[in-house]
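Quick one: structure below, then a few questions.
By convention in this document, chain letters (A, B, ...) are assigned in the order of the sequence lines, proteins followed by strands, and residues within each chain are numbered from 1.
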Amino acid sequence: MSSTQKYEVLVDSFISKLKRRQITGSYNVATATCRLLMRVISSSRWSSTEEFINLIRGVGCKLIDAQPREFATGNIVRRVLAIIRDEVSEDSVTQSANNAPYNTSMFQLLSTTHTTKPQGTQATKQPNQDLRSVVIQGIRELIDEIASVHENIELMTVDLIHENEVLLTPTPGSQTVLNFLLKASLKRKFTVLITESYPNDINECHSFAKKLAEMNIETVIIPDSTVFAVMSRVGKVLIGARSVFANGGCVTAAGVATVCECAKEHRTPVFAVAGLYKFSPTYPFDRDSLIEVGNSGKVLPYEDSDLVGKCEVTNPLFDYVVPEHIDIYITNIGGFSPNFIYRIVLDNYKAEDVQLG
Amino acid sequence: MKKDDIEEQKIQAIVLTDSFQTRFMPLTAIRPRCLLPLANVPLIEYTLEFLAQANVSEVYLMCCSHADQVQQYIDDSKWVHPSSPFTKIQTIMSLESRSVGDAMRDVDSRGLITGDFVLVSGDVVTNLDLSKVLATHKQRKAADRDYIATMVLKQASELHRARSHIEPACFILEKGTDKCLYYQDIPPVNGQKTSVNIDPEILQDVAEFDIRNDLIDCHVDICTPQVPTIFQENFDYQALRSDFVKGVLSSDLLKKHIYAYVTGDEYAARVESWQTYDGISQDVLERWCYPIVPERNIIDDQTYTYESKHIYKEQNIRLSQSCKIQSRVVIGNDTFIGDGSKVQASVIGRHCRIGNNVLVENSYIWEGAVIGDGSVIRHSIVAADAVVGANSVLNPGAVIGFGVRIDDNVEIPHDTKIVKEKIRKMDDSLSLSEEEDEEEESDASIVGPNGVGRLYREDVHEDGQYGGMIYQMAQLSVSDTSLASTTVAHQHRRKKRTQSTTSAYLSEEEDEQFDKEAIATVERAMEFNHDIDTALLELNTLRMSMNVTYHEVRVATSTALVKRVDHFIETQTLGAKEAVEKIFRKWSSLFDRQVFDNEDQLDLLIILQTLCSQLDASYNSVVLLWILVVLYDEEIIEEENIYKWWHSEKSKEIGARDRVEKWIEWLQEAESEEE
């Protein structure tokens, strides 16, 4: 009982931190979620693997509800669930191999749920301690993977950026894009255009430009409205994705959808960079619900009492970019076409865990 | 890394859950202000959330009226769970407090404060980043030895909807340092012109300064431990701003400095009147206070999601197909809205039932309320579990109290407050009376034949001028023509004000004020048997703050003492001699520090004689005689001065001398005998 309470305390304080935005940025959220799950797993008690999986699913639900637009939490929970399920099924496969012949017919595909369930309960007798340590080891590897995302993405820079190319990036808030460009500048000489990203990311835009300029990269900040005008000169558009969905679409900073639209018009290739932990197995059915709406005060100064309350102000922070507008996703495991994302998602997540609720 | 940060700066916070005001009457008679819902979240949650965000570790809630409810609420909330970000959260029952000053003195005497702390009232809504303020606070503390506090002020404009129109305040800040030089509360915004008198002395040695009448004072202060001590030393400080800040800044003795922190892009405001309740609710809905928005689901079981046009819905709500949810609307769980109803810029709580063809505009409908078919509700508040019948109309400014039932086809006039049971004010503490004054169950002329409820009448003498505020709240959003002219007047005045730095003069009004206050002080001291030093200190502070001479102090002290003696004699509890002995033996030492030379002694004698002569003729000279004896014994008055007084023309005019004559004679004889 006391241990159950202990992990609940951990989860509750993590949830309130998420709600208070004391943990922000997908990278931080992803690592923090990993750490939380490690502690939950080591402090919780369960008698069967099924119970264990349900416990993690329950935690996952709570985390997603706390901050539905921070997709990294859900992704990490699903990754961890996949690790657990892999372990469990490996064990049960060895166990059940003798009992029943492995059925590979089409019929099996349709009736998976019927056969896997009893397998899960059979695995109950497996020593929990082993599973626990194996899963924790799996999460450690996951943390390492997240930490090395940038390095792996950077490896591809030389192949993607040409000498004297003009690049445009509308997401100065993205750390991945920054590292990508900095790494590329070691081998290549190129020009970077950065959209001003008013009003939400304007400070990020300035510090982004400063960092690039310090590395002697030719850097130009352009107003958001001139994107279409400069697009004919641009060789590639580089965007950082906040979350990538199974259909190949992604959520990213506000204004990027327009930039991608312009790029499409000029047949300019659009590259999206994202770590694997940003890939979500869900489909963006309700696009409005994906978009966070931010502080109205950034659009209209609050002091202006003549306007406040008399006009409606909406300040969306995110944009949804449709898969047709993206040419390639550059991830830490290589470059993929948006059409292929579903496959990567299938490799890393289990179909049972797409819906946690 | 994060843990180090938290440990490094352990911050305490004092939350004043009581407002010490009656502006939200009649609703605050049943629920304290800090538990009234704003956008379906009790106000106190916003404050606690702000403190949690700021990594505050210890929170003390000062509870006065409805302390039990606040305590109950906190005990049931998530803040006491082990996952709470506070290491300590404690409700402190300070039931006898009647003002912010009293609460602060209580804080001081309980010794809760160990370091710098955040003083915040329980009705603040803000997304302020406190760490920046704390950094400024540290800098200032290091730079200025006399620094005691920083006030957080939000830049807005004079007539901003989230700014108090009842207590607009004017701050004079030194340019560059934001040191507050002067504070002045100005009367409510009602189109009348006022002026601010500034003592030119204050502005000596100041290169440049701003006079600002455009700030929202959100009552978030970072204080050093000296602040409660100053309250303790100055018994007369009641309000935080008009007494404490003004007092500290204008005191020649304290020489302490208070600074301001003016924030531009962060949101901070205080729900302190109906008008700001309306303004801040709308601000939260329109996301000016992001990330404090309804879909943050501050309370754990909330399930709000955001939809475009600032519509927030919880999970299980039922909306009829033809109802129109226009924009800026919050709808709570398990609420039903019928066919053809329109909702605009409103908050609807949980478990509400809104019938068909209802119009709800800019109104706040709390948990469990029922609105009948065809009703029209504009700029009103319908408290929890109230029922409004079919085809009724609530005109702007209506407040329907908890559990009131309004019958069908009733029109509630502008600015009407309706309560279920009669509310009586019992010496400042607000409580429901259980009086058997039931000559009428409900007022049928107001709520209709089947209604339950009666009209709430406000105390005219105290808050009368604010009574119209809720009406004004409606007016403010409806027509701005009348207010536009006020704005012009304000700006115009601001320009002039800089030149009109005439020195403050002592008006008669202030004089009278002093008398009243000082007499009350001495009376209080006698009644509660304070020690002489405290009483003296209080009198002295009063004298300095009102800038009066010792003569006035003597008049006031004597008046109080003689009054008390008279009271004893009149009620026949004590004889003249005993009464005088009892009072003057102990309290005459007050004069020690009020009487310094021969002239003062004469003055005192005249005062006492005058006072005695006003008493009942049957014993007035006896009283005077015994007062003289005591004062002579206590060596407050010298023999010579008694003679001088006795022979003066003035004394002969006043009277009440007959009994004294003999004593004077005896005195003279005794003297000559000694010789």
Exercise. At what distance, to the nearest 0.5 angstrom, does CD of A:Glu303 lie from CG of B:Asp214?
Worked result: 8.5 Å
Exercise. Partners of A:Ser207 by side chain to side chain donor-acceptor pair (under 3.5 Å), sequence neighbours excluded?
Worked result: none
Problem set entry | Min side-chain heavy-atom separation B:Asp265-A:Asn295 under 4.5 Å | no
Exercise. In terms of heavy-atom pairs under 4.5 Å, which option from A:Val308, A:Asp12, A:Asp306 contacts chain B the most?
Worked result: A:Val308
Seminar exercise, completed: Bottom line for A:Leu18: the part with an atom under 4.5 Å from chain B's heavy atoms is neither
Exercise. Among A:Asn315, A:Asp304, A:Thr314, who wins on heavy-atom pairs under 4.5 Å with chain B?
Worked result: A:Thr314
Problem set entry | Engaged part of B:Pro82 at the chain A interface, taking heavy atoms whose separation is under 4.5 Å | both
Exercise. Has B:Arg328 got more than 12 heavy atoms of other residues, nucleotides or ligands less than 6.0 Å from its CZ?
Worked result: yes
Seminar exercise, completed: So, the part of B:Thr305 with a heavy atom under 4.5 Å from chain A: the answer is neither
Problem set entry | Any residue of residues 286-293 of chain A which, by heavy atoms, sits under 4.5 Å from chain B | A:Glu292, A:Val293
Exercise. When rounded to the nearest 0.5 angstrom, what is the spacing between CG in A:Asp65 and OG1 in B:Thr303?
Worked result: 9.0 Å
Exercise. With only heavy atoms counted, which part of B:Glu286 is less than 4.5 Å from chain A, the side chain, the backbone, both or neither?
Worked result: both
Problem set entry | Engaged part of B:Ala52 at the chain A interface, taking heavy atoms whose separation is under 4.5 Å | both
Seminar exercise, completed: So, the part of A:Leu300 with a heavy atom under 4.5 Å from chain B: the answer is both
Seminar exercise, completed: B:Tyr277 meets the ring-ring contact (aromatic ring centres under 6.0 Å, His included) criterion, sequence neighbours left out, with B:Tyr364
Problem set entry | From CG (B:Leu285) to OG (A:Ser296), nearest 0.5 Å | 10.5 Å
Problem set entry | A:Arg20 and B:Glu49: CA distance, side-chain angles, deciding distance, side-chain contact (heavy atoms from CB on, under 4.5 Å) verdict | CA-CA 8 Å; A:Arg20 274 178 213 124; B:Glu49 195 65 24; 2.8 Å; yes
Problem set entry | Pair A:Lys17-B:Gln53, side-chain contact (heavy atoms from CB on, under 4.5 Å): steps then yes or no | CA-CA 9 Å; A:Lys17 272 185 185 159; B:Gln53 189 101 44; over 6 Å; no
Problem set entry | Check ion pair A:Lys19-B:Glu295 (N to O, under 4.0 angstrom) | no
For this session: Enumerate the residue pairs fulfilling side-chain hydrogen bond (donor to acceptor under 3.5 Å, both in side chains) with a member in residues 74-85 of chain B, sequence neighbours excluded, ordered by first and then second residue.
Result: B:Glu45-B:Trp79, B:Gln72-B:Asp76
Exercise. With distance as the sole test, does B:His310 use its side chain to make a donor-acceptor pair with the main-chain N or O of A:Glu312 at under 3.5 Å?
Worked result: no
For this session: Could you tell me how the ring of A:Tyr302 sits relative to the ring of B:Tyr267: parallel (under 30°), tilted (30 to 60°) or perpendicular (over 60°)?
Result: perpendicular
